[in-house]
Number of protein chains: 2
Amino acid sequence: MFSKSTEYALRALIYLAQNSSEDHKIGIVELSVAIDSPKSFTAKILQKLTHGNKLISSVTGPSGGFYLTDQAKKKSLLKVLTLLDTEHMISGCILGLSECSEINPCPMHADYAKIKVQLLGMLGQKSLEALAREMNDPKVVINNNNR
Amino acid sequence: MFSKSTEYALRALIYLAQNSSEDHKIGIVELSVAIDSPKSFTAKILQKLTHGNKLISSVTGPSGGFYLTDQAKKKSLLKVLTLLDTEHMISGCILGLSECSEINPCPMHADYAKIKVQLLGMLGQKSLEALAREMNDPKVVINNNNR
DNA sequence: ATAATAAAAGATATATTTGTCTTTTATTGT
DNA sequence: ACAATAAAAGACAAATATATCTTTTATTAT
Ligand code: FES
Ligand code: FES
């Protein structure tokens, strides 16, 4: 569905939503272990989300690391996808036409449009902190370390 | 959502379902123009679907080309995705965990599982010939040549 | 101030996907 | 049989995604 980059980003954000705050920052080592992702590659992905858009906060140096503000934790997955410039994965045409439109729909459009509404609805109303809350259930996981 | 390869494959199959038969075969040139895809790349993709699995039929030489049998036209999109080995795009974990399971679900699982059922349902019941029928509506398109 | 720390930045490497081009093989119409 | 045709096969090229490693910069604790 999504690219590895996007998957790592979402997992990282959920972990940060659950475990970080302004006075408890998370280092890249802990984070990449927790979400089972390649360390340096994940660092690059996080950088994209710290600079312009300021979704992730970070500070260098001792006791530094990454964290989410309460404001950031309220952002929806859809917002995150928009920042990652990958929302088109869902909103684009399922057959790859350059535009998903009602004027000139593809043969799948009528059916897919209904599902798209639900997908976008789910992503739009699901906040990072709501997903973090799911992790209170001990069976819910965010890595592959259980196998 | 899908890779370019998959998109081209689906568009090609829909076109063949609509326009080909055992006594009206379609050449790669006509096909790649009709679905607006790179010719040689599309040829490679079609080959994958002709050999082992026999979804697409083809004959070389004059008046040769690609076509679908009536039987093949009845196959569902889900069946096609299975042949292309890309069904995991939908059935896999949306956060990229190695397995989508009820035992150890990811934080998105509860919500995504519902949508997944609908997605797989739609893909499973939509046959190539049903999609070809959609193209009888003149506004429905399968390429980008209208822009 | 200094040393330790951790992210930022940059360079590089590998793998995969996408795309093109040429040669070969199979089939058909003449 | 022969020439024309069209897919099959194979080699190659380019672009993108994924991943690693090193150096630099910013921050903090001492
Ligand atoms: S046009 Fe293809 S899904 Fe809307
Ligand atoms: S475990 Fe992630 S979607 Fe099912």
Side-chain angles (χ1 to χ4, degrees), chain A residues 1-13 15-16 20 22-68 84-86 88-89 96 98, chain B residues 1-13 15-16 20 22-68 84-86 88-89 96 98:
Chain A
M1 180 80 110
F2 297 124
S3 66
K4 290 285 174 203
S5 293
T6 300
E7 291 170 355
Y8 298 153
L10 295 179
R11 303 223 296 270
L13 286 166
Y15 184 82
L16 289 176
S20 79
E22 179 150 17
D23 54 343
H24 182 71
K25 309 185 185 77
I26 307 287
I28 188 64
V29 172
E30 173 185 344
L31 179 58
S32 62
V33 168
I35 69 171
D36 190 19
S37 70
K39 190 185 67 159
S40 294
F41 187 47
T42 306
K44 281 275 184 283
I45 296 165
L46 295 189
Q47 283 180 33
K48 282 190 215 148
L49 292 169
T50 55
H51 296 150
N53 45 62
K54 298 292 263 173
L55 178 63
I56 299 178
S57 307
S58 71
V59 300
T60 60
S63 87
F66 300 95
Y67 69 97
L68 297 185
L84 290 171
D85 210 41
T86 181
H88 59 88
M89 279 280 167
S98 57
Chain B
M1 180 79 105
F2 297 123
S3 66
K4 289 288 174 200
S5 294
T6 299
E7 290 170 355
Y8 297 152
L10 296 179
R11 303 223 296 269
L13 286 166
Y15 184 82
L16 289 176
S20 79
E22 179 149 18
D23 54 342
H24 183 70
K25 309 187 184 74
I26 307 287
I28 188 64
V29 172
E30 174 185 344
L31 179 57
S32 62
V33 168
I35 69 171
D36 191 19
S37 69
K39 191 185 64 158
S40 295
F41 188 45
T42 305
K44 282 276 184 284
I45 295 164
L46 294 190
Q47 284 181 32
K48 281 189 216 150
L49 291 169
T50 55
H51 296 149
N53 45 62
K54 300 291 267 171
L55 178 63
I56 299 179
S57 308
S58 71
V59 300
T60 59
S63 87
F66 300 95
Y67 68 98
L68 296 185
L84 290 172
D85 210 43
T86 180
H88 59 88
M89 279 278 168
S98 56

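Lettering of chains follows the sequences in order, A, B, ..., and the numbering in each one begins at 1.
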Please enumerate all protein N or O atoms sitting under 3.5 Å from an N or O of nucleotides 26-30 of chain D, with distances to 0.1 Å.
residue: D/dA26; atom: N3; partner: A/Thr60; partner atom: OG1; Å: 3.2
residue: D/dT27; atom: O4'; partner: A/Thr60; partner atom: OG1; Å: 3.0

Between C1' of C/dA6 and CG of A/Leu16, the distance in whole Å: 15 Å

Atom-to-atom span, CD of B/Gln47 to P of D/dA9 - whole angstrom: 6 Å

Scan the side chains in residues 23-30 of chain A for donor-acceptor partners under 3.5 Å anywhere in the protein, sequence neighbours excluded, and list what turns up.
residue: A/Asp23; atom: OD1; partner: A/Ser21; partner atom: OG; Å: 2.9
residue: A/Lys25; atom: NZ; partner: A/Glu22; partner atom: O; Å: 3.1
residue: A/Glu30; atom: OE2; partner: A/Tyr15; partner atom: OH; Å: 2.7

Atom-to-atom span, CG of B/Leu46 to C1' of C/dT18 - whole angstrom: 15 Å

Interatomic distance, B/Asp23 CG vs C/dG29 P [rounded to whole Å]: 13 Å

Sugar-phosphate only, base, or nothing, as touched by A/Ile56 at under 4.0 Å among non-hydrogen atoms: nothing

Could you list, one pair per line, each protein nitrogen or oxygen that sits under 3.5 Å from a nitrogen or oxygen of nucleotides 18-22 of chain D, together with the distance?
residue: D/dT18; atom: OP1; partner: A/Lys4; partner atom: N; Å: 3.0
residue: D/dT18; atom: OP2; partner: A/Ser5; partner atom: OG; Å: 3.0
residue: D/dA19; atom: OP2; partner: A/Tyr8; partner atom: OH; Å: 3.1

Touch class at under 4.0 angstrom, heavy-atom based, for A/Ile45 against every strand present: nothing

Contacts of type side-chain contact (heavy atoms from CB on, under 4.5 Å), residue B/Lys54, not counting sequence neighbours: none

Partners passing side-chain contact (heavy atoms from CB on, under 4.5 Å) against A/Ser58 (at least two apart in sequence or in another chain): A/Thr50, A/Phe66

From A/Leu13 atom CG to A/Leu84 atom CG, the distance as rounded to the nearest 0.5 Å: 7.5 Å

B/Ile28 CD1 to C/dG19 P, straight-line distance once rounded to whole Å: 13 Å

side-chain N/O B/Thr50 vs D/dA7 OP1/OP2, d < 4.0 Å: no

Distance-only donor-acceptor pairs under 3.5 Å for side chains of residues 33-48 of chain A, two or more places apart:
residue: A/Asp36; atom: OD2; partner: A/Asn144; partner atom: ND2; Å: 3.3
residue: A/Ser37; atom: OG; partner: A/Thr42; partner atom: OG1; Å: 2.6
residue: A/Thr42; atom: OG1; partner: A/Pro38; partner atom: O; Å: 2.6

